[in-house]
Amino acid sequence: MSMVATATSPPPSILSFIEIANSISQLHQAHAFMLKTGHFRNPFASSRLLTKATSLPISSPDTLSYALSIFTHTEEPNSYIYNTIIRAYSTSPFPQLALIIFLKLLNSVNKVFPDKYTFTFIVKACATMGNVKQGEQVHGLVTKIGLDEDIYVYNTLIHMYAKCGCFDVSRGMIDGLVEDDVIAWNALLSVYVERGLFEFARELFDEMPVRNVESLNFMVSGYVNVGLVDEARKVFDEMLVKDVVSWNVMITGYTKADKFDEVLGLFEDMLRAKVKPDNCTLVNVLSACAGVGSLSQGKWVHAFIERNGIEVHDFLATALVDVYCKCGCIEKALEVFNGTLRKDISTWNAMIAGLSNHGYLDDALNTFNELIADGIKPNEVTFVSVLSTCSQGGLLSEGRRMFDLMINEYRIQPTLVHYGCMVDLLGRFGLLEEAEELLSKLPVKEAPALWESLLSASRSHNDVKLAERIASKLLELDPHDSAGYVQLSNVLASMGRWGDVREVRRKMRSEGVTKEPGCSMIEVDGVVHEFLAGEGIIL
DNA sequence: GTAGGGTTAG
């Protein structure tokens, strides 16, 4: 008989409430109720709560720390509860915590023992950390307990060694198997592919005594990862069985290679093959539509999403907002944006950038303020749009305030692009000294584009001396940089130094530097047109 | 009473 005061079993209603919960606030409600009624002390009830907290559709560091608080408030957690929290941390950005909790388990007063589940999770944590020393120690313990007989634990170890770069150990374990196991082979193959070690992947693949769809999917993505999309396509076409991942890998490959026509063609093939597209497919197809500026196909995909009752949030919402923005339908973009409940920072970023790029500067900044008011943390991409909005609108004090907010409030290290916006903004107001001071914090070598920006500002403010100084600096840095030549000759031209202009142009030719033409695309009446620009511009 | 290995995304 148990001496511990066990709580009564929880009523089924609270358990089913937890089962259907899909937000942290619903779990808080269940949690509060359980604390009040004492059901939280029932191990099964608290484990249901914890499991749900670790598998919410929306997970963040917040949900994870909530899960941790459930764990820490559980008196004498059983092995299931330990395993659940260890699993949650094993693939999180903080896998070390999984290890800390694992040590706590080993030293637990109520003598909890690690089991085969514990080891799959903790080995995975070592893999995530890339910490082979820890991995080896855990492996030792696995062997001692005799759990290396378990194929799940065994395969996770194979993957861990591969992840840590110990390919020979990983391979040795595969060879040590009495019976061939395709997942064991795939565990090593996947790491070769992930690291772009395509030769190793190919060699291993040829040697594999067992293969499945996933093995071939890895090979296709292996070709894609090293930029050989056509080779990937050959493997893909020869596959007898294709699952949704096969199609997605190939489609993603074309998207990465900017081969948007192929993306759209493959998408049609996929539908003809009666394979159901998932979010990953649709995100890529939409991004191809955005890439070619095809509003009609974007709309078609949107209709497909609605027809099939696919929920739009996060990734998919971002892709839709983006495609409508890129195709110039800012109203449709807003409609999607406002109709989406689950937005992540990228969704906000796409909307802010879209508004800003279409000249709705106030709306862009208002949307940014809304985001802040909603308690969402902006990232560096957000600030690119925000600062560029300020720069476009000549909003000097706002721009300075945002730049300060980014650095001091959100602790985001500005990148060259952020500095670029500030230089541009300061330059427009003729605050060349302030801009130069800002730039001087950066190594010149890293920021030629910023100096170019300051150079054009100095030209438009007739600070010819500064302009000439920067132009020479740019050429010194990179004698093949066309922009440097263009700018320098423009400076000289504005001073009427035509002889020097000719000299620069001669030097440019002798270095073999040409000005690259710009290129842009637009859809008119359902046909995508491509334009080349840049010729005939005075040098 | 609940669980585990290798996989594509802006």
Side-chain angles (χ1 to χ4, degrees), chain A residues 9-10 12 15 18-19 42-52 54-55 78-88 90-91 115-124 127 147 150-160 162-163 170 173-174 181-194 208 210-222 224-225 232 243-253 255-256 277-288 290-291 313-323 343-350 353 379 381:
Chain A
S9 342
L15 293 182
I18 293 172
E19 263 356 283
N42 177 287
F44 184 69
S46 62
S47 71
R48 289 332 296 143
L49 189 68
L50 177 59
T51 301
K52 194 67 187 189
T54 59
S55 63
N78 60 25
S79 62
Y80 183 91
I81 291 177
Y82 269 110
N83 291 346
T84 306
I85 194 72
I86 291 173
R87 179 185 54 178
S90 68
T91 49
D115 56 18
K116 53 189 182 168
Y117 296 104
T118 321
F119 284 108
T120 53
F121 306 142
I122 202 65
V123 171
K124 199 169 191 174
L147 282 171
D150 186 275
I151 188 69
Y152 287 86
V153 175
Y154 197 88
N155 285 341
T156 326
L157 283 165
I158 291 175
H159 184 238
M160 182 276 294
K163 267 278 201 194
S170 178
M173 287 185 74
I174 294 173
D181 188 296
V182 68
I183 298 202
W185 289 94
N186 285 351
L188 177 55
L189 184 68
S190 71
V191 176
Y192 281 150
V193 164
E194 192 181 275
M208 282 166 63
V210 270
R211 294 173 192 146
N212 61 7
V213 199
E214 282 79 11
S215 321
L216 280 146
N217 289 347
F218 285 130
M219 291 309 287
V220 175
S221 69
V224 164
N225 284 351
D243 63 8
V244 66
V245 176
S246 322
W247 289 93
N248 287 348
V249 170
M250 198 61 240
I251 286 176
T252 308
T255 308
K256 277 189 206 150
D278 63 6
N279 277 17
C280 177
T281 325
L282 298 167
V283 165
N284 278 288
V285 171
L286 284 169
S287 122
H313 38 236
D314 304 341
F315 271 53
L316 201 49
T318 307
L320 277 171
V321 167
D322 192 48
V323 78
K343 301 189 265 264
D344 64 15
I345 185 62
S346 297
T347 320
W348 287 88
N349 288 347
N379 63 17
V381 179

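Side-chain atoms are counted along with the backbone in the values below, which use heavy atoms only and exclude waters and symmetry mates. Numbered from 1 within each chain, the chains take letters A, B, ... in sequence-line order.
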Novice: B:dA9 base stacked by A:Phe315? Criteria: ring centres under 5.5 Å, plane angle under 30°.
Specialist: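 The base of B:dA9 is not stacked with A:Phe315 (the test needs centres under 5.5 Å and planes under 30°).
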Novice: Heavy atoms under 4.0 Å, any strand shown: does A:Thr252 hit a base, just sugar-phosphate, or nothing?
Specialist: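 Result for A:Thr252 = sugar-phosphate.
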Novice: Specify the separation, in whole Å, of atom CD1 of A:Ile174 and atom C1' of B:dG6.
Specialist: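 Computing the A:Ile174:CD1 to B:dG6:C1' distance gives 11 Å.
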Novice: Begin with the C-alpha distance, continue with both residues' side-chain angles, and end with the deciding distance and a verdict on side chain to side chain contact (heavy atoms under 4.5 Å, CB included) for A:Val220 and A:Met250.
Specialist: CA-CA 7 Å; A:Val220 175; A:Met250 198 61 240; 3.9 Å; yes
Novice: Whole angstroms only, please: what is the CG-C1' distance between A:Asn42 and B:dT2?
Specialist: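 After rounding, the gap between these two atoms is 12 Å.
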Novice: Using only modelled atom types and a 3.5 angstrom limit, is any donor from either the side chain of A:Ser190 or the base of B:dG6 paired with an acceptor on the other?
Specialist: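 When only heavy-atom distances are counted, A:Ser190 does not reach the base of B:dG6 through any donor-acceptor pair under 3.5 Å.
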Novice: Quick one: label A:Val182 by what it contacts on the DNA or RNA (base, sugar-phosphate, nothing), any heavy atom closer than 4.0 Å.
Specialist: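 Nothing: the residue A:Val182, judged by heavy atoms under 4.0 Å, touches no strand.
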Novice: Quick one: is A:Lys256 getting a side-chain N or O under 4.0 Å of the B:dA9 phosphate, OP1 or OP2?
Specialist: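 Yes, because at least one side-chain N or O of A:Lys256 sits under 4.0 Å from OP1 or OP2 of B:dA9.
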Novice: Stacking between B:dT2 and A:Tyr80, yes or no? Criterion: centroid separation under 5.5 angstrom, plane angle under 30 degrees.
Specialist: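 A:Tyr80 ring centre within cut-off of B:dT2 base, planes near parallel; stacks.
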Novice: Would one find a side-chain N or O of A:Lys163 under 4.0 angstrom from OP1 or OP2 of B:dG6?
Specialist: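 False: A:Lys163 side-chain N/O out of range (4.0 Å or more) of B:dG6 OP1/OP2.
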Novice: Side chains of A:Thr281 and A:Asp278 only: does a donor on one sit below 3.5 Å from an acceptor on the other?
Specialist: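 Yes.
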Novice: For A:Leu157, answer base if it contacts any base atom (sugar-phosphate contacts may also be present), sugar-phosphate if it contacts only those atoms, and nothing otherwise; contact means non-hydrogen atoms under 4.0 Å.
Specialist: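 Contact class for A:Leu157: none.
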Novice: Rounded to whole Å, please give me the gap between CG in A:Asn349 and P in B:dG10.
Specialist: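 Spelled out: CG on A:Asn349 to P on B:dG10 is 14 Å.
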Novice: Check whether any side-chain N or O of A:Tyr154 sits under 3.5 Å from a backbone N or O of A:Ala184 as a donor-acceptor pair, and report yes or no.
Specialist: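 A pair under 3.5 Å: no.
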Novice: Have a look at A:Ser47 and say if it touches a base, only the backbone sugar-phosphate, or nothing, with a 4.0 Å heavy-atom cut-off.
Specialist: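 The answer is base, as A:Ser47 lies within the cut-off (heavy atoms under 4.0 Å) of a base atom.
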Novice: Find the distance A:Met160:CE to B:dG6:P and express it as a whole number of Å.
Specialist: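 Answer to the nearest Å: 13 Å.
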Novice: Does A:Leu147 reach a base, just sugar-phosphate, or nothing at all? Heavy atoms under 4.0 Å.
Specialist: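 No contact.
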Novice: So A:Asn284, base contact, sugar-phosphate only, or nothing? Heavy-atom distance under 4.0 Å.
Specialist: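 Sugar-phosphate, no base atom in range.
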Novice: Within the structure shown, what part of the strands sits under 4.0 Å from A:Asp243 by heavy-atom distance: base, sugar-phosphate, or nothing?
Specialist: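 If one applies the 4.0 Å heavy-atom cut-off, A:Asp243 turns out to touch nothing in the nucleic acid.
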Novice: Could you pull out the closest heavy-atom pair between A:Asn186 and A:Met208, with the gap in Å?
Specialist: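 Residues A:Asn186 and A:Met208, closest heavy atoms: OD1-CE, 3.4 Å.
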Novice: Between A:Asp243 and A:Asn217, is any pair of side-chain heavy atoms under 4.5 Å apart?
Specialist: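 Yes - at least one pair of side-chain heavy atoms lies under 4.5 Å apart.
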Novice: What nucleic acid atoms does A:Val245 come within less than 4.0 Å of, heavy atoms only: base, sugar-phosphate, or nothing?
Specialist: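 Result for A:Val245 = base.
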Novice: What is the distance, to the nearest angstrom, from the CE atom on A:Met250 to the P atom on B:dA9?
Specialist: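 From A:Met250 CE to B:dA9 P: 13 Å.
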Novice: Applying a 4.0 Å non-hydrogen cut-off, can you work out what A:Ser346 is touching in the nucleic acid: base, sugar-phosphate, or nothing?
Specialist: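 Here A:Ser346 touches the bases of the nucleic acid.
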Novice: For residues A:Thr347 and A:Asp314, report the shortest heavy-atom separation together with the two atoms involved.
Specialist: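 Closest pair (atom of A:Thr347, atom of A:Asp314, distance): OG1-O, 3.6 Å.
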Novice: Give me the residues of residues 211-218 of chain A where at least one heavy atom lies under 4.0 Å from an atom of DNA chain B, by number, or none.
Specialist: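 Only A:Asn212, A:Glu214, A:Phe218 qualify.
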Novice: Side chain of A:Phe44: nearest nucleotide among B:dT2, B:dA3, B:dG10?
Specialist: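 Closest nucleotide among those given: B:dT2.
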Novice: Over how many whole Å does the gap from A:Ile81 atom CD1 to B:dG1 atom C1' extend?
Specialist: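 Result: 13 Å.
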Novice: Across the strands shown, which category fits A:Lys124 at heavy-atom distances under 4.0 angstrom: base, sugar-phosphate, nothing?
Specialist: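 It contacts sugar-phosphate atoms only.
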Novice: Between A:Lys116 and A:Tyr152, is there a side-chain heavy-atom distance shorter than 4.5 Å?
Specialist: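 Result no, sub-4.5 Å side-chain heavy-atom pair not found.
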Novice: Output yes if the stacking criterion (under 5.5 Å between centres, under 30° between planes) is met for A:Tyr117 over the base of B:dA3, else no.
Specialist: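 Given the distance and angle limits, yes, they stack.
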Novice: Looking across every strand, which nucleic acid part, if any, lies under 4.0 Å from A:Arg48 by heavy atom: base, sugar-phosphate, or nothing?
Specialist: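 Base: the residue A:Arg48, judged by heavy atoms under 4.0 Å, touches a nucleobase.
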Novice: Counting side-chain heavy atoms from C-beta on, which of B:dA3, B:dT2, B:dT8 comes nearest to A:Val249?
Specialist: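 Ranking B:dA3, B:dT2, B:dT8 by closest atom to the A:Val249 side chain puts B:dT8 first.
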Novice: Any chance the side chains of A:Asn349 and A:Ser346 put a donor and an acceptor closer than 3.5 Å?
Specialist: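 A:Ser346 and A:Asn349 do not have a side-chain donor-acceptor pair below 3.5 Å.
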Novice: Mind checking A:Asp344 for me? I need base, sugar-phosphate or nothing, with any heavy atom below 4.0 Å counting as a touch.
Specialist: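 The residue A:Asp344 makes base contact.
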Novice: Rounding to an integer number of Å, can you tell me how far A:Asn186 CG sits from B:dT8 P?
Specialist: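 After rounding, the reported distance stands at 12 Å.
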Novice: For the pair made of CD in A:Glu19 and P in B:dT2, what is the distance, rounded to whole Å?
Specialist: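 That distance rounds to 12 Å.
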Novice: Check whether any side-chain nitrogen or oxygen of A:Arg87 sits under 4.0 Å from OP1 or OP2 of B:dA3, and answer yes or no.
Specialist: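 For B:dA3, neither OP1 nor OP2 has a side-chain N or O of A:Arg87 closer than 4.0 Å.
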Novice: Quick one: which of B:dG10, B:dT2, B:dA9 gets closest to the side chain of A:Cys280?
Specialist: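 So the side chain of A:Cys280 is nearest to B:dA9.
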Novice: Does one side chain, of A:Tyr117 or A:Ser79, offer a donor that lies under 3.5 Å from an acceptor on the other?
Specialist: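 A:Tyr117 vs A:Ser79: no donor-acceptor pair found between side chains.
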